[in-house]
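Residue indices begin at 1 and follow the sequence shown. The basis for the numbers below is simple: all heavy atoms, side chains too, and nothing from hydrogens, waters or symmetry mates. Order of listing sets the numbers, starting from 1, for every ligand and every atom in it.
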Amino acid sequence: MERQITLIIHFIGLGLFVTTFVAGFILNRQYTKANDLQTKATILRGMRPIGLLSPFASLIMLVTGIGNMHILGYSLFELPPWLAYKIVFFAIALISGVIFSIRGRKRGAIIQQMVAGSAPANAEVILKSHDQQIRLSYLIMPILFLIILTLSVFGRTGAL
Ligand code: HEM
């Protein structure tokens with residue numbers, strides 16, 4: 001019973017992750033298409049709570065993942081390869097997520113400054129670089145996520 005409960009919560013975390021990716025991707029496209037700064041600032045404000053969901057989803061995955069390991073009797077020093085790789089990719093995804101979210105915050109700040117007319121002279125260049133990095137995150141994060149998902153399913157079904 002314990003195993004089923006942690007697995008259900010693990011899957012809820014997984015669903016939350018997919019939701020944040022898809023919602024973030026759609027809103028980021030709207031942001032890119034918007035022609036004026038005020039609209040861009042409004043879209044970014046709407047993206048903030050969605051961005052906050054992903055650390056929450058990560059925490060759910062980590063806590064329930066550790067719970068799953070405990071229930072299945074895995075020790076950190078004696079992991080099946082799929083799980084060892086999964087934890088490594090999860091750590092990479094966490095670090096990438098932190099880096100991209102710092103970028104996102106910086107982008108929000110520069111847009112606010114541009115709206116208020118207090119942005120530095122090279123604001124457009126800085127904004128372009130933030131935009132490129134964030135666009136890249138919508139490629140890198142789903143790839144990492146797919147790797148983790150593939151390792152989980154193929155690993156658990158004995159195909160790895
Ligand atoms: C984005 C992160 C994660 C995703 C997408 C994910 C996905 C999954 C999926 C789909 C399964 C079910 C596999 C199956 O039964 O066919 C699973 C099981 C499992 N996951 Fe994760 N997981 C993530 C993070 C973690 C972390 C961080 C850990 C460990 C610290 C972990 C440990 C486990 C374990 C031990 C199982 C086997 C549970 C069981 O069969 O009862 N997961 N995961």
Atom indices of ligand 1, in the order listed, that fall short of 4.0 Å to a heavy atom of [X]:
X	result
Phe11	9 (C), 10 (C), 11 (C), 12 (C)
Leu149	10 (C)
Phe145	5 (C)
Phe17	1 (C)

Task: Proximity of Tyr138 and Phe21 rings by center, below 6.0 Å - done: no
- [ ] Kindly give the heavy-atom pair with the smallest separation between Val115 and Ala41, and that separation in Å.
- [x] CG2-CB, 4.2 Å
TODO: Identify the two heavy atoms, one from Gly104 and one from Ile134, that lie closest to each other, and give their separation to 0.1 Å.
DONE: CA-CD1, 3.6 Å
Task: For atom 39 (C) of ligand 1, the option (of Arg3, Met61, His70, Met141) bearing the nearest heavy atom - done: Arg3
Open item on the list: Just to confirm my numbers, could you give the angle made at atom 21 (Fe) of ligand 1 by NE2 of His10 and NZ of Lys86, rounded to 10°?
Closed with: 170°
- [ ] Count the heavy atoms belonging to other residues, nucleotides or ligands that lie under 6.0 Å from OH of Tyr85, then report whether that count exceeds 12.
- [x] no
Task: Other residues, nucleotides, ligands: >12 heavy atoms within 6.0 Å of Glu2 CD - done: no
Open item on the list: Tell me whether ligand 1 is touched by Thr157 - counting only heavy atoms on the residue side and a distance under 4.0 Å.
Closed with: no
Open item on the list: Regarding Gly65, does it place an N, O or S atom less than 2.8 Å from atom 21 (Fe) of ligand 1?
Closed with: no
TODO: Among all protein heavy atoms, pick the one closest to atom 7 (C) of ligand 1 and tell me residue, atom and distance.
DONE: Ser152 OG, 3.4 Å
Task: Shortest protein heavy-atom distance from atom 34 (C) of ligand 1, along with the residue and atom involved - done: Asn68 CB, 3.4 Å
Task: Proximity of Thr6 to ligand 1 by residue part, where a heavy atom lies under 4.0 Å - done: neither
Task: Residue part near ligand 1, for Arg156, under 4.0 Å between non-hydrogen atoms - done: side chain
TODO: Answer with yes or no whether the side chains of Ser137 and Arg103 bring together a donor and an acceptor at under 3.5 Å.
DONE: no
Task: No-hydrogen, no-angle side-chain donor-acceptor test under 3.5 Å, Asp131 and Tyr31 - done: yes
Task: Validation row: Phe56, Thr20 side chains within 4.5 angstrom (heavy atoms) - done: no
